[in-house]
Structure formats: C-alpha cells, structure tokens
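Below: the structure, in structure tokens.
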Amino acid sequence: MRKLSLLLTLAVFAACSAGENRPGTPPTEPAAEPTRVRPSSSATSVRPTSPDPSPSGAELARLNAALIDAAWANDLPAARRLIARGADVNHTDETTQSAYLIATSEGHRDLLDLTLAAGARVDAKDRFNGTGLIRAADRGHWDIAGRLVRAGIDLDHVNNLGWTALHEAVILGDGSQRYLDTVRVLLAAGVDATVPAVEDGFTAREHAEQRGYGDIASLLARADRPVRRPEAALLAAARAGDADTASLALRAGAQVDARDGDRRTPLLHAVIGDVGQVARVLVALGADPDAVDAQSDTPWLVTGVTGSVPMGRLLLTADPDVTLRNRYGGVSIIPAAERGHAAYVRWAVRATDIDVDHVNDLGWTALLEAVLLGEGTTPWQRIVRTLLAAGADPQLADRDGVTALEHARRRGFEEIARLLAR
C-alpha cells in the first residue's frame with residue numbers, strides 16, 4: 001500500500017508540473033534560520049550595482065516580468081541591469097516563480113549569487129510549499145544545495161508532497177553521480193536522515209534501497225554512526241579519496257578547512273590526489289581555495305601542478321585568487337607550462353585573467369619555463385602557441401638577458417623556435 005501511495009503522489013506531482021508554463025519546475029521547500037551548519041560567507045561573488053530610484057506601478061511590473069524572463073534564460077547581464085533598475089528578486093509570477101527560485105531549480109549558480117546579494121529571501125516557497133534547497137535536490141544541483149546551506153536555508157523543511165530535500169534527491173533522482181554528490185552535501189550539512197516521507201512512511205534510505213541506488217543507500221545507512229576524531233577523519237578521507245567518509249566527518253562536526261601538521265587542508269589533499277568527488281563536497285560547503293600550506297601551496301595553485309582542468313573548473317566556482325604565488329613566486333600556469341599541461345594552460349588563460357607574463361622568483365615567465373624546462377615536443381609546442389595567442393611577450397628575457405627564442409635555438413627545439421620567431 002505504501003508503494004501504491006508513493007506512485008499516486010508521483011503521478012499528482014507529474015500532473016501538476018505539466019501545468020507549468022515554464023520548463024523545469026521542481027518541487028521546492030521552505031527555508032529557515034541556519035540549522036546545524038557552520039555559517040560561511042554566502043556565495044555572493046556576483047554583486048549587483050547600486051539600484052536606481054525605486055520604480056512603481058506599470059514600470060515595476062514590466063521590470064519584474066523581464067527579470068523572470070532573464071532568469072529562465074540565465075541572462076546574467078540582463079538580470080543585473082534589471083535589478084539595478086529596481087526589479088524585485090522576490091517577485092513571483094502567476095506560477096509562484098521568482099528569479100531566486102528559478103536559479104535554484106535550474107542550477108544557475110551566478111544568478112543565484114546575484115539574487116542572494118540583492119536580498120532574495122532564502123526561505124521563499126514555490127507552489128508546492130518547497131524551498132530552493134528542495135528544488136536543487138530534485139535536480140541534483142549539489143553546488144546550488146551547498147550555496148543554499150551556507151546561506152542558512154532550512155535543511156529539513158517538508159513540502160506539501162510530504163518530502164524533504166533529502167527525500168527529493170532520492171525519490172526524484174536517478175541515483176547517478178550528481179545525486180550521490182547532492183546526498184553527500186546534504187548529509188555533511190546535517191540534514192535529518194531519519195525523517196519519514198509523509199505519504200508512505202519510508203525514510204530516504206528505504207527509498208534508495210527500493211530503487212536499487214546502492215551507493216546512496218549504503219551512505220545513508222552510515223549517516224548517524226559515530227565518527228571518532230572528525231577532523232582527523234576528514235583529512236584522512238580527503239587523502240584517501242573517500243568522499244562518503246569526508247561527508248560524514250563534516251556531519252560529525254569537522255571544520256571544512258581543518259589543517260594537518262603541514263597546514264594542508266582537506267581540499268588541498270583532494271586537489272593533490274585529483275579526487276573530484278571529495279573536492280565537490282568540500283567546495284559546496286565553503287572550503288577555501290586560497291588556504292596556504294607550509295610550502296606556500298594552495299588548492300588553486302596545485303591545479304597547475306596536476307594540470308587537472310576539471311579540478312580547476314571546480315575551484316574556479318569558489319572564486320580563487322589567481323594572483324597568489326607558490327614558493328617559487330609563480331602563478332599556476334608556470335608549473336603547468338613546465339610540466340607540459342597544455343590543456344590546463346589553454347583553459348586557464350581563457351577562463352581567468354591570470355597574468356601570462358608573470359615573472360617568478362627565478363626570473364622566468366610561463367613561456368620561458370615551457371622552453372627551459374620543457375621537452376620541446378607537442379605538449380610544449382601547444383603551450384607556446386597558447387601563451388603567444390594569449391598575448392605573452394616573447395621578448396621578455398631571463399636574468400641573463402636570454403629570450404625564450406634564444407633558449408629554444410640552443411636546445412634544438414626547432415618548431416618552438418619557429419613559433420617564437422614569427
């Protein structure tokens with residue numbers, strides 16, 4: 001009978017969703033003051049400009065409607081302009097959608113940051129009496145869930161379908177990686193894993209078991225087991241690439257930026273090991289990409305050492321300081337150029353405003369390192385092309401006054417010399 005009741009509930013939800021006049025509207029839940037989650041700087045890297053004098057009447061209605069349209073289109077520049085002109089991020093349309101709620105369900109991270117910075121009510125509800133956290137969990141937006149957790153949203157609100165965010169991640173998810181990541185983030189934040197769904201009385205774990213989501217079910221089975229020495233457990237899990245244990249250590253009270261004897265944080269260990277599943281949980285809960293260890297390394301700087309573009313992309317969402325320098329005085333593209341990480345260099349110079357002509361303490365730029373410490377083969381040739389295309393100055397010489405071109409000729413790197421001689 002409980003299974004039949006769930007099927008009926010899902011059918012009702014599907015019928016209601018089909019009536020929306022916009023794509024992708026999931027059930028969402030209410031938010032409240034922060035619960036069990038350490039406060040962190042809210043993700044507000046996108047700041048609105050100072051608003052114009054408040055509009056009124058027809059003009060305000062027009063701005064609000066335009067903001068809803070911009071939110072569905074994820075048109076951030078338009079949304080920023082409209083908010084600056086007085087559009088209300090908390091305005092809801094006839095389907096109880098606001099720019100903020102749309103951002104949570106559609107996974108528009110920068111738009112969410114913009115609406116939060118502009119005063120979005122984190123406890124806003126959609127027409128299912130659901131909060132943004134429930135909407136994000138429904139879609140497997142683990143990163144959005146993390147931002148909402150840090151903004152102080154109610155973790156265990158129950159919508160009028162009888163589900164919490166944890167229920168939705170399981171019942172409406174497909175058991176894939178993004179839903180596993182979402183469950184990890186929710187557990188790390190401190191959700192109550194024992195709450196039963198209203199209609200059928202099943203917990204999230206029981207729903208996961210019924211659906212054959214083995215990884216999620218086994219994680220939920222461990223949700224409230226004691227964790228000895230949570231911070232030590234978190235650091236060990238990050239080193240080992242164990243995302244489940246990392247999540248449960250955070251749940252048990254470990255600080256997300258705990259330090260080991262070398263002042264390395266869990267995120268730095270995850271980056272060193274290129275373990276994305278651990279890093280995703282940590283970044284979602286506010287881990288610092290600029291935390292400096294005893295060797296002057298940071299998580300962001302180490303992405304240049306490993307050359308991991310996926311990890312670089314992940315850390316870029318945490319707004320790292322790309323001007324920070326390693327113990328040799330270099331920015332991230334310098335060790336990447338030395339090691340032949342061509343894809344990373346190409347991505348970094350396009351995705352960030354990193355200085356391609358930065359000179360480290362040895363007197364070398366990324367271009368010089370690619371020639372001096374490279375092998376002259378295809379990866380380093382690609383790096384030289386990328387740096388030149390990004391505006392690197394081939395005339396910058398080392399401390400002895402020798403340019404990259406002269407070094408290339410001395411080392412017999414004919415193709416690189418040809419590129420530099422153009």
Side-chain angles (χ1 to χ4, degrees), residues 267-268 270-276 279 283 289-290 292 295-399 402-422:
L267 182 58
L268 181 52
V271 174
I272 290 170
D274 196 22
V275 187
V283 167
D290 299 327
V292 182
Q295 290 193 118
S296 297
D297 278 328
T298 71
W300 169 260
L301 283 169
V302 172
T303 63
V305 176
T306 65
S308 174
V309 174
M311 188 66 77
R313 287 196 182 104
L314 173 61
L315 264 59
L316 197 58
T317 68
D319 195 23
D321 182 353
V322 300
T323 69
L324 289 180
R325 305 176 182 187
N326 61 24
R327 62 187 178 277
Y328 302 109
V331 294
S332 71
I333 59 170
I334 292 183
E338 171 198 336
R339 289 164 170 77
H341 296 319
Y344 179 91
V345 174
R346 184 172 184 267
W347 168 78
V349 300
R350 293 183 175 188
T352 75
D353 58 358
I354 200 162
D355 181 5
V356 295
D357 283 329
H358 175 81
V359 179
N360 68 10
D361 293 344
L362 301 173
W364 298 336
T365 63
L367 191 60
L368 280 163
E369 288 233 0
V371 178
L372 280 165
L373 301 179
E375 298 175 6
T377 54
T378 299
W380 287 272
Q381 293 167 17
R382 289 175 56 199
I383 288 170
V384 169
R385 287 192 189 94
T386 294
L387 292 171
L388 291 173
D393 184 355
Q395 300 305 315
L396 287 177
D398 64 18
R399 288 176 177 171
V402 182
T403 65
L405 174 59
E406 292 172 284
H407 280 296
R409 286 172 173 164
R410 290 177 183 180
R411 301 197 66 193
F413 297 162
E414 294 181 5
E415 176 59 19
I416 289 179
R418 185 184 67 79
L419 292 169
L420 290 167
R422 286 179 177 176

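For the numbers below, each heavy atom of this structure counts, side chains included, while hydrogens, waters and symmetry mates do not. All of these numbers come straight from a predicted model, not from anything done at the bench.
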- Query: Okay, side chain of D398, backbone of W364: is any donor-acceptor separation there less than 3.5 Å?
  - Reply: no

- Message: Could you report the tightest heavy-atom contact between P379 and A342, atom names first, then the distance?
- Response: O-CB, 3.6 Å

- Task: Working to the nearest 0.5 Å, report the span between NE2 of H358 and CG of L367.
- Result: 14.5 Å

- Item | Interatomic spacing from CG in L419 to CD1 in I383 - rounded to 0.5 Å | 12.5 Å

- Is the CZ atom of R346 crowded by more than 12 outside heavy atoms at less than 6.0 Å? no

- Message: Counting C-beta onward and ignoring hydrogens, is there a side-chain heavy-atom pair between L396 and T403 closer than 4.5 Å?
- Response: no

- Message: Could you measure the distance from the CG atom of L405 to the CG atom of L368? Nearest 0.5 Å is fine.
- Response: 11.0 Å

- Item | Exercise: do S332 and Y344 side chains pair donor with acceptor under 3.5 Å | yes

- Query: Can you check whether D393's main-chain N or O pairs, donor with acceptor, with D357's side chain at less than 3.5 Å?
  - Reply: yes

- Item | Result of checking E369, R327, R325 against N360 for side-chain hydrogen bond (donor to acceptor under 3.5 Å, both in side chains) | E369

- Hey, is E415 close enough to R385 for a salt bridge, meaning N to O under 4.0 Å? yes

- Task: To the nearest 0.5 angstrom, please state how far the CD atom of Q381 sits from the CD atom of E375.
- Result: 11.5 Å

- Note on the structure: Minimal heavy-atom distance between M311 and A279, with the atoms involved, is SD-CB, 3.6 Å

- Item | Check: W347 and L316 side chains under 4.5 Å, non-hydrogen atoms | yes

- Any donor and acceptor pair, going by atom type alone, linking the side chain of R411 with main-chain N or O of L372 inside 3.5 Å? yes

- Task: For T317 and L314, indicate whether the former's side chain and the latter's backbone hold a donor-acceptor pair under 3.5 Å.
- Result: yes

- Task: Please lay out, stage by stage, how V331 and V322 fare under the test side chain to side chain contact (heavy atoms under 4.5 Å, CB included).
- Result: CA-CA 7 Å; V331 294; V322 300; over 6 Å; no

- Heavy-atom side-chain contact between L267 and V283 under 4.5 Å: yes

- Message: For a quick test of reading the model, state the closest non-hydrogen atom pair linking A370 to V384 and the distance between them.
- Response: CB-CG2, 4.4 Å

- Message: Quick check against the 3.5 Å criterion: does H407 have a side-chain atom that pairs as donor or acceptor with the backbone of A397?
- Response: no

- Kindly give the heavy-atom pair with the smallest separation between G376 and I416, and that separation in Å. CA-CD1, 3.8 Å

- Query: How far does CG of D355 sit from OG1 of T323, to the nearest 0.5 angstrom?
  - Reply: 9.5 Å

- Message: For T306 versus V271, what's the shortest heavy-atom pair and its separation?
- Response: CG2-O, 3.7 Å

- Query: Roughly how far, to the nearest 0.5 Å, is CD1 of I354 from CD1 of I334?
  - Reply: 8.0 Å

- Query: Any idea which heavy atoms bring P320 and L315 closest together, and the distance?
  - Reply: CD-O, 3.1 Å

- Answer yes or no: is there a donor N or O on one side and an acceptor on the other, between the side chain of H341 and the main chain of S308, under 3.5 Å? no

